[in-house]
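Taking it in order: structure first as C-alpha cells, then the write-up.
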Amino acid sequence: MNTPKRYLITAALPYANGLKHIGHLAGAYLPADIYVRYLKAQKRDVVFVCGSDEHGTAIPIQATKEGTTAQAIIDKYHPIIEQNFKDLGIEFDIYHRTSDPLHHETASAFFKDLEAKGDLETKTSEQYFDEATSTFLADRYIKGTCPNCSHPEAYGDQCEKCGKSLSPEELINPVSTLSGQAPIKKETTHWYLPLNKHEDFLRQWILNDHAKDWRAAVVGQCKSWIDGGLLPRAVTRDLDWGVKVPLASGAGKVLYVWFDAPIGYISATKQWALNNGKDWTPYWNDKETKLVHFIGKDNIVFHCIIFPIMLKLHGNILPENVAANEFMNLEGDKMSTSKGWSIEMDDFINKWIKKDNGGNGLADSLRFYLTAIAPESKDSEFTWKGFQDSVNGELVSIFANFVNRTWVLMHKLCKGKVPAIHIEFLDDEDQAILISVKESKEKITELLEQYKFREAQFEVINLARLGNQYMQKKEPWILAKNMETDPTAQAKIDNTMHACLQLCANLAILINPFLPFTAKKMCYMMKVVDRMLEWENAGGFNLLKVGYSLRPPELLFRKIEDEEIEAELAQLKSNLNAKKTTMDNITPAAGPSDAKDKGLKPEIVFDDFGKIDLRVGTIIDAKKVEKADKLLQLEVDLGTEKRTILSGIAMHFDPAAIIGKQVVVVANLAPRTMRGVESKGMILMAEDANGKLYFVQPSEAIAPGSTIS
RNA sequence: GGCGAGGUAGCUCAGUUGGUUAGAGCACAGGAUUCAUAACCCUGAGGUCCCGGGUUCAAAUCCCGGUCUCGCUACCA
C-alpha cells in the first residue's frame with residue numbers, strides 16, 4: 001500500500017440555519033471522524049477540517065421572517081452545532097465558519113485569481129430589481145414565463161418544465177415573489193464559471209480514472225450530470241450577505257454561496273495552520289496530499305463537478321475520493337426537521353448523554369449503532385428498537401461483557417495484577433487467539449482504508465466474540481475450584497487471563513476510531529496512557545506488563561431499557577403532531593409537505609379582479625396526457641365554444657369519473673403548451689391541508705358559459 | 001416520462017474478476033454453563049437470491065424485458 005505523505009479530510013459544512021440531525025451525523029461527520037481517528041492512530045500527518053456555512057440567501061430570508069438579523073441566526077447556531085459535534089466525539093482539528101474575515105479574504109483571493117487568469121466569463125445584462133424592497137432579486141425569487149417552452153412558472157435560475165438552466169433576465173413577464181410586483185430592469189454584471197469547458201476533463205477524471213474506486217452511486221450521479229450537458233454557472237449575486245466581490249466593478253455583489261462555501265475548507269485549513277504554527281499550503285497544493293471529502297448524497301454534484309473544476313483552475317490538488325453516503329431514514333420515513341420527524345443531535349445529547357444515567361458511553365452507543373447501520377451502499381433505517389437491540393445485544397453483551405468478565409476474573413483469580421505467562425502450559429488455543437488478533441488487525445486496517453466502516457466495526461466486535469469463545473473453552477473459574485488437587489491450575493489460569501487482558505488492550509486500540517470515549521475509559525482501567533492506542537501496537541501481546549496492577553472493573557455501557565425506547569417513540573409521534581398542528585394553524589391551506597408560505601397574497605384593487613374572466617363550464621371529455629403523471633386533458637363546454645384545458649389533477653381524479661362535472665374556468669388566461677398540447681384556460685381547484693383537491697363548482701347545475709363575478 | 005441507486009433468511013445486511021451444498025449478526029428453538037450487565041458458549045431450524053426470458057458446461061453475479069422502493073429531474077395554470 002502506498003502511503004500518502006499527508007492527508008486532508010473534510011466533512012460537509014453544515015448550513016448554520018438550524019439544528020442538525022443524526023442523519024447528517026451518520027452521513028458525513030461520523031465516518032469522517034472514524035477515518036481521521038484511524039489515520040491519527042497510524043501517526044499519519046492529517047488535518048480534519050469543517051465549519052459552518054453561513055452565507056446564501058436562505059439565512060437573510062429566514063432572518064426577515066423571524067424578525068431578526070442574519071448575523072443573529074448564524075451566531076446562534078454556529079456554537080450549538082460546534083458543541084454538538086464535540087459532545088458526540090467528532091473531533092475536528094478546526095471547526096471554522098465562513099463569516100470569518102480569513103474566509104472572506106481567502107474566497108476573495110480565490111475568485112480574483114480565477115478572474116485574472118481569464119477562467120471566468122462575465123456577462124453584463126439587465127437584471128431584475130425589486131423597487132419595493134430595493135434589492136436585486138435572487139434568481140429563485142423571480143418567477144415568469146420560460147422563453148424556451150412558455151412555461152409560466154419558471155424560476156429565475158431554471159425552468160422546471162423543460163429543465164433548462166436560465167438567467168432571470170430571460171424570463172417573460174417576471175414577477176418578484178417577495179413583493180408580488182413586477183420588478184424593473186437594471187444593468188448589472190456577473191461572473192460565470194464555464195463548466196461546459198471542462199466536460200472532457202471530468203469525463204476522464206471521474207468516469208475513467210475513478211470509475212472503480214469511487215462508490216457506484218457517486219460515479220452514476222456524475223455521469224448523469226455530465227451526459228446531461230453542463231452549462232456556465234453564475235458565481236456572483238446581487239446581494240449584501242456574503243463574501244464581497246473583490247473588484248471595483250463588483251460593488252454591491254457577493255460570491256454565490258456554492259462558490260464560497262467549499263473554499264471554506266481552504267480557509268479552515270489556513271486558520272488551523274495559524275493556530276498551530278504550521279504551513280497550510282502543502283495540504284492543498286502538494287500532489288502527495290490525499291484529499292478526501294465526506295458528504296451526503298445531496299452534495300455530490302458540488303464536490304465532484306463544480307469544486308474540482310475550481311480547484312483545477314486554481315492550481316490545487318483534486319480529491320482522491322468523495323465518500324458520499326446515502327440517506328438514513330427514521331422509523332419508516334424520511335428524516336425531516338421541519339416535519340418534526342427527526343432526532344436532532346442536540347436533543348439526543350440533552351436527553352441521553354447529559355442525563356443522570358447518561359454520559360459519554362451513550363455517545364459511543366449512538367456512534368456504534370449509526371456505524372452499524374451506516375448507509376454506505378443504500379438508504380438505511382434508524383429505529384429505536386434497532387438502537388436498543390444493537391447496543392444491548394452486541395456492544396454490551398459481546399464487547400463490554402468480555403472486558404468486564406476479564407476484569408472481574410483477573411481481580412478474583414490474579415490479585416488484580418497482570419499475571420505472568422508460563423510457557424510450559426501454553427497450548428494451541430493460546431496460539432490461536434494470538435494469531436486471531438493479528439489477523440483481525442490486518443482485516444480491520446484494510447476495511448478502514450477502503451472506507452468500509454460498518455464492516456470494520458463489525459470485525460472489532462467479532463474479535464471480542466472470539467475472546468468470549470476462548471474464555472469459555474478455558475474456563476478459568478473451573479480451574480480455580482480445583483486449585484487444591486491440581487498444582488498447575490494457577491499457572492493455567494494465569495496464561496488464560498494474561499491472554500484475555502492482552503486481548504482487551506488490543507480491543508481498546510481497534511475500537512478507538514469508532515468509540516473514542518470507550519477506548520479512553522479502557523485505558524483508564526488498564527492504567528495506561530493514550531499513546532498505547534497507537535495503531536502499530538495492535539496485534540501485539542505485550543501491551544500490558546506482567547505484575548502491573550490494574551483498576552477495578554467499571555461498566556463500559558449501560559443497557560437501553562424498553563421504557564426509554566417507548567418514550568422516544570411516543571415523543572417522536574407527538575413532535576410530528578405538534579408540528580402538524582402548528583402548520584395547520586398558520587397556513588390552513590397548505591399541504592403537509594408544502595414549506596412555502598401560503599399566507600394571504602398582497603391586496604389588490606377591484607380592477608385587478610375585474611381582469612379575470614370566470615365562466616362556468618361542463619367537462620365533456622377527459623383523458624390522461626401521455627408521458628405526464630399529473631396532467632389530464634379536458635374538453636370543456638363553455639356554451640359558446642368548446643375548449644381544451646390541461647389540468648394537473650391526474651393523481652386525484654379518474655378521467656371517466658369527472659365527465660359531466662361543472663367547473664369554474666378562467667376563460668381569458670393566456671394559452672400554454674404543456675407536453676405538446678395547448679391549454680386554453682384553467683380549472684379552479686380548492687386544496688385542503690392534506691393536499692386533496694376539490695372542484696369549485698356552482699351549487700346547482702346552470703348553463704355552460706354563465707359568467708361569475 | 002428521463003436519469004441514478006437498490007430489491008438476497010422473519011429483521012439488518014455481506015456476497016470479490018460467473019465455479020462445489022448462497023453467508024454473517026440479530027430474532028427464534030433446543031442444549032450446556034455460572035466468571036460476567038439474565039450476559040456468554042454449543043447446536044439447530046430458514047432462502048423460488050423481485051419476476052420472465054437469453055448467453056454458458058456452469059448465473060445471486062453477464063445480457064434483454066418487466067415490476068417494486070428510494071433519490072435527482074420533469075410534470076402539477
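Just so you know, these numbers use all the heavy atoms, side chains as well, and skip hydrogens, waters and symmetry mates. Labels below follow one simple rule: chain letters A, B, ... track the order of the sequence lines, proteins then strands, and each chain is numbered from 1.
Comparing B:U55 with B:C11, their P atoms sit 34 Å apart, to the nearest whole Å. Taking atom P on both B:G25 and B:G19, the two are 23 Å apart, rounded to the nearest angstrom.
Using a 4.0 Å cut-off on heavy atoms, none of the residues of residues 489-497 of chain A approach RNA chain B. Residues of residues 453-466 of chain A that place a heavy atom closer than 4.0 Å to RNA chain B, in numerical order, are A:R454, A:F458, A:R465.
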Exercise answer: donor-acceptor pairs, residues 358-369 of chain A side-chain atoms, under 3.5 Å, sequence neighbours excluded:
| unit_1 | atom_1 | unit_2 | atom_2 | d |
| --- | --- | --- | --- | --- |
| A:D364 | OD2 | A:F517 | N | 3.1 |
| A:D364 | OD2 | A:T518 | N | 2.6 |
| A:D364 | OD2 | A:T518 | OG1 | 2.6 |
| A:S365 | OG | A:G361 | O | 3.1 |
| A:R367 | NE | A:F514 | O | 2.8 |
| A:R367 | NH1 | A:D33 | OD2 | 3.1 |
| A:R367 | NH1 | A:L88 | O | 2.9 |
| A:R367 | NH1 | A:G89 | O | 2.9 |
| A:R367 | NH2 | A:D33 | OD2 | 2.6 |
| A:R367 | NH2 | A:P513 | O | 3.3 |
| A:R367 | NH2 | A:F514 | O | 3.4 |
| A:Y369 | OH | A:T383 | N | 3.3 |
| A:Y369 | OH | A:T383 | O | 3.4 |

Dump the pairs, protein N or O against N or O of nucleotides 2-9 of chain B, anything under 3.5 Å, distances to one decimal.
| unit_1 | atom_1 | unit_2 | atom_2 | d |
| --- | --- | --- | --- | --- |
| B:C3 | O2' | A:S224 | OG | 2.9 |

With the criterion being N/O to N/O and under 3.5 Å, what pairs connect the protein with nucleotides 62-68 of chain B, and how long is each?
none

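With sequence neighbours excluded, the residues forming a side chain to side chain contact (heavy atoms under 4.5 Å, CB included) with A:E429 are A:D427, A:Y470, A:K473, A:K474, listed by chain and number. In this structure A:H498 satisfies the side chain to side chain contact (heavy atoms under 4.5 Å, CB included) test together with A:V418, A:P419, A:I421, A:Q502, A:V546, sequence neighbours excluded. With sequence neighbours left out, the side chain to side chain donor-acceptor pair (under 3.5 Å) criterion links A:D209 to A:Q204. Residues passing the side chain to side chain donor-acceptor pair (under 3.5 Å) test with A:Q662, sequence neighbours excluded: A:T618. When the side chain to side chain donor-acceptor pair (under 3.5 Å) test is applied to A:E376, no partner is found at least two apart in sequence or on another chain. When the side chain to side chain donor-acceptor pair (under 3.5 Å) test is applied to A:W384, no partner is found at least two apart in sequence or on another chain.
A salt bridge is defined here as a Lys NZ or Arg NE, NH1 or NH2 lying under 4.0 Å from an Asp or Glu carboxylate O, and A:R215 with A:E326 fails to meet this definition.
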Study note, to complete from the structure: Going 5' to 3' through nucleotides 32-39 of chain B and flagging B where a protein heavy-atom sits under 4.0 Å of the base, S where only the sugar-phosphate is that close, and - otherwise, we get --SBBB-S
